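Here the structure comes first, spelled out in structure tokens, and everything after it is commentary.
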Amino acid sequence: MALLFQVSRSCLRRSLQSSQRLTLPWPAAHSVFSQIITSTSTVPAKPYPNPNHDIIKHSSSCIPISEFSRSKINFRWWDCNCSLVGQTAGISTSSGSVEKDGLKESKNVGGNNDRGSKTMSVSWIDMYLPEPARPYARLARLDKPIGTWLLAWPCFWSITLAASHGELPDVKMLVLFGCGALLLRGAGCTINDLLDRDIDTKVERTKSRPVASGVLTPFQGLSFLGFQLLLGLGILLQLNNYSRILGASSLMLVFSYPLMKRLTFWPQAYLGLTFNWGALLGWSAVKGSLDPAVVLPLYLSGVCWTLVYDTIYAHQDKEDDLKVGVKSTALRFGDSTKEWISGFGIACISSLAFSGFNADIGWPFYACLAAASGHLAWQIFTVDLSCRDDCNRKFVSNKWFGAIIFSGILFGRLAS
């Protein structure tokens, strides 16, 4: 036993001596670990992340950064340069974005990593609709409600102007015309995409549209158009006979508008005639006839308003329009665009005032008209016509112009 004890003690002493020879003093250990950390991490240390940070929605290219101290090594695993990948929904920290047929494409400029990465935020169509229905929803632009608002506001103005003094407008008519605006706008977009599919493939903003990209065939688009028109007919049949004839006559404008960009530099004026037909139809649906002293100035104001916002919108595509040979007021006006649309803005406000005066509307209308004038002036004088993002922002803001005018007519009618 004594011999065994001595052998064990000798072995233990040799083991301890070996481990002491392998143990580095603190300065040497610090130097070794510093070299390892420097060679494996080229990203500077950053503050600790938000504890609510959701790494599931981001790419997995996380770089562990070590923070060495005398007592321990602390690892921070989520010091990441992350970007949205694929079609992940809804988060973007980029400085610029362009909406593109349901997907908003963003370019990351500057920030912590100046890599110019692109991100995509997915619309509600991708999140909630079944896959077979998505191309049809995009064909009708259901993910871009601004077109429906611009079509509906002149209808709502007219219906509210036609209300009796001191009374609210006919709610049933507002609902019918709201649904009609949604359907007619979708039908107009479908017609436009069917007729322009050869042009859309050459324009960056439109080449991903369902028909142009081949996701839907022309026959499928035509079938969908018939379905929308059938639903629209059901709404039109709810109106009086005078309004049915007046409403059906607008289809000529709807079907011929897409051809105008091939024939004239004024397709925006033709769009104004089409989009503001509701200014006539809304009044006739309530009254059973037209009062030219009220509805014609109202219709003219809508046409001038359309020339303002759609000329701004057309500046997004002016380079592509030149390449493919289509025309627009943006190309016609060129560097004089702001002078032209200022004139149309003045005509719009003047016509609205004249229509309200003839309708014997109360003072709140004119207060709101002044506010709407300021909004229109802000658009015209601040828009950067060379920036697609800014043109799109100003275009979309016109839903608020329409809402201000509607509020003025509503309160003015109640006060009269």
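Counting from 1, the numbers follow the sequence of the chain as shown. Quick caveat: nothing in here was measured; it's all calculated off a predicted structure.
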* Do Asp200 and Arg197 sit within salt-bridge range, that is, some charged N less than 4.0 Å from a carboxylate O? -> no
* Any pair with a residue in residues 238-259 that passes salt bridge (Lys or Arg N to Asp or Glu O under 4.0 Å), sequence neighbours left out, goes on the list, sorted by first then second residue, please. => none
* Asked: What distance do Lys394 atom NZ and Asp384 atom CG have between them, rounded to the nearest 0.5 Å?
  -> 8.5 Å
* **Side-chain heavy atoms of Trp378 within contact of Ser397, under 4.5 Å** => yes
* To do: List for me each residue that meets ring pair (Phe, Tyr, Trp, His ring centres under 6.0 Å) alongside Tyr309, sequence neighbours excluded, and say none if there are none.
  => Trp305, Phe395
* Structure fact -> side chain to side chain contact (heavy atoms under 4.5 Å, CB included) test vs Ile341 passes for just one of Asp310, Leu376, Ile312, namely Ile312
Would you mind writing out the side-chain donor-acceptor pairs for residues 127-135 within the sub-3.5 Å range, not counting sequence neighbours?
{"unit_1": "Arg134", "atom_1": "NE", "unit_2": "Leu129", "atom_2": "O", "d": "3.1"}
{"unit_1": "Arg134", "atom_1": "NH2", "unit_2": "Asp126", "atom_2": "O", "d": "3.2"}
{"unit_1": "Arg134", "atom_1": "NH2", "unit_2": "Leu129", "atom_2": "O", "d": "3.3"}

* To do: Please determine which of Asp321, Asp196, Asp320 meets the salt bridge (Lys or Arg N to Asp or Glu O under 4.0 Å) test together with Lys261.
  => Asp196
* To do: Could you tell me whether a side-chain N or O of Ser243 sits under 3.5 Å from a main-chain N or O of Ala285, the two making a donor and an acceptor?
  => yes
* Hey, are the side chains of Val215 and Arg138 touching, using non-hydrogen atoms and a 4.5 Å cut-off? -> no
* To do: Could you tell me whether the side chain of Arg209 reaches within less than 4.5 Å of the side chain of Asn192, counting heavy atoms only?
  => yes
* To do: Any salt bridge (Lys or Arg N to Asp or Glu O under 4.0 Å) involving residues 227-243? Give me the pairs, sequence neighbours left out, ordered by first then second residue.
  => none
* N/O donor-acceptor pair under 3.5 Å between Asp143 side chain and Ala137 backbone -> no
* Asked: In terms of side-chain heavy atoms, does Ser208 have a donor or acceptor partner in Ser213 at a distance below 3.5 Å?
  -> no
* Asked: So do Leu246 and Trp277 actually touch side chain to side chain, heavy atoms under 4.5 Å?
  -> yes
* What's the verdict on side chain to side chain contact (heavy atoms under 4.5 Å, CB included) for Arg185 and Leu150, showing C-alpha distance, side-chain angles and the deciding distance? -> CA-CA 9 Å; Arg185 191 268 179 134; Leu150 296 176; over 6 Å; no
Please set out all donor-acceptor pairs under 3.5 angstrom arising from side-chain atoms of residues 288-303, sequence neighbours excluded.
{"unit_1": "Asp291", "atom_1": "OD1", "unit_2": "Ala293", "atom_2": "N", "d": "3.3"}
{"unit_1": "Tyr299", "atom_1": "OH", "unit_2": "Leu273", "atom_2": "O", "d": "2.7"}
{"unit_1": "Ser301", "atom_1": "OG", "unit_2": "Leu298", "atom_2": "O", "d": "2.6"}

* **Close side-chain approach of Leu161 and Arg413, heavy atoms under 4.5 Å** => yes
* **Pairwise salt bridge (Lys or Arg N to Asp or Glu O under 4.0 Å) hits with a residue in residues 322-343, at least two apart** => none
* Tell me, do Cys391 and Val383 make a side-chain contact under 4.5 Å, heavy atoms counted? -> yes
* Asked: Donor-acceptor pair, Gln316 side chain versus Tyr313 backbone, under 3.5 Å?
  -> yes
* To do: Show your working on side chain to side chain contact (heavy atoms under 4.5 Å, CB included) between Leu142 and Tyr136 and close with a plain yes or no.
  => CA-CA 9 Å; Leu142 294 183; Tyr136 295 98; over 6 Å; no
* Structure fact -> In short, Ile191 meets Pro258 closest at the heavy-atom pair CG2-CG, 4.0 Å
* Phe411, CZ: over 12 other non-hydrogen atoms inside 6.0 angstrom -> no
* To do: Specify whether His375 and Phe401 have parallel, tilted or perpendicular ring planes, treating 30° as the upper limit for parallel and 60° as the lower limit for perpendicular.
  => tilted
* To do: Answer yes or no: is there a donor N or O on one side and an acceptor on the other, between the side chain of Gln268 and the main chain of Thr311, under 3.5 Å?
  => no
* To do: Could you tell me whether Arg141 and Asp193 make a salt bridge, using a distance below 4.0 angstrom between a side-chain N and a carboxylate O?
  => yes
Side-chain atoms of residues 169-181: list all donor-acceptor pairs with protein atoms under 3.5 Å, sequence neighbours left out, distances to 0.1 Å.
{"unit_1": "Asp170", "atom_1": "OD1", "unit_2": "Lys172", "atom_2": "N", "d": "3.0"}
{"unit_1": "Asp170", "atom_1": "OD1", "unit_2": "Met173", "atom_2": "N", "d": "3.4"}

* Structure fact -> Distance col, row Leu151:CG vs Asn276:CG, nearest 0.5 angstrom, shows 8.5 Å
Please table the atom pairs, donor to acceptor, closer than 3.5 Å between any side-chain atom in residues 359-373 and protein atoms at least two apart or in another chain.
{"unit_1": "Tyr366", "atom_1": "OH", "unit_2": "Phe357", "atom_2": "N", "d": "3.3"}
{"unit_1": "Ser373", "atom_1": "OG", "unit_2": "Leu369", "atom_2": "O", "d": "2.8"}

* Structure fact -> Here the gap from Ser158 atom OG to Leu281 atom CG, rounded to the nearest 0.5 Å, amounts to 8.0 Å
* **Set of ring pair (Phe, Tyr, Trp, His ring centres under 6.0 Å) partners for Trp153, sequence neighbours left out** => Trp149, Phe156, Phe406
* ring pair (Phe, Tyr, Trp, His ring centres under 6.0 Å) partners of Tyr257, counting only residues at least two apart -> none
* Take Leu352 and Trp157 through the test side chain to side chain contact (heavy atoms under 4.5 Å, CB included) and record every step on the way to the result. => CA-CA 10 Å; Leu352 281 169; Trp157 299 347; 4.3 Å; yes
* Partners of His165 by ring pair (Phe, Tyr, Trp, His ring centres under 6.0 Å), sequence neighbours excluded? -> none
* Straight-line distance of Leu236 CG to Leu183 CG, nearest 0.5 Å -> 11.5 Å
* Structure fact -> Rounded to the nearest 0.5 angstrom, the CD-OG1 distance for Gln228 and Thr190 is 4.0 Å
* Looking only at heavy atoms, what is the nearest atom pair of Phe344 and Leu307, with distance? -> CE2-CD1, 3.6 Å
Listed pairs under 3.5 Å, donor-acceptor, residues 218-227 side chains, sequence neighbours left out:
{"unit_1": "Gln220", "atom_1": "OE1", "unit_2": "Thr217", "atom_2": "N", "d": "2.9"}
{"unit_1": "Gln220", "atom_1": "OE1", "unit_2": "Thr217", "atom_2": "OG1", "d": "3.4"}
{"unit_1": "Ser223", "atom_1": "OG", "unit_2": "Phe219", "atom_2": "O", "d": "2.9"}

* Structure fact -> Smallest heavy-atom separation, Leu259 atom then Leu195 atom, equals CD2-CD1, 4.2 Å
* **Separation of Ile346 CD1 from Ser351 OG (nearest 0.5 Å)** => 11.5 Å
* pair Trp340-Thr337: side-chain heavy atoms closer than 4.5 Å -> no
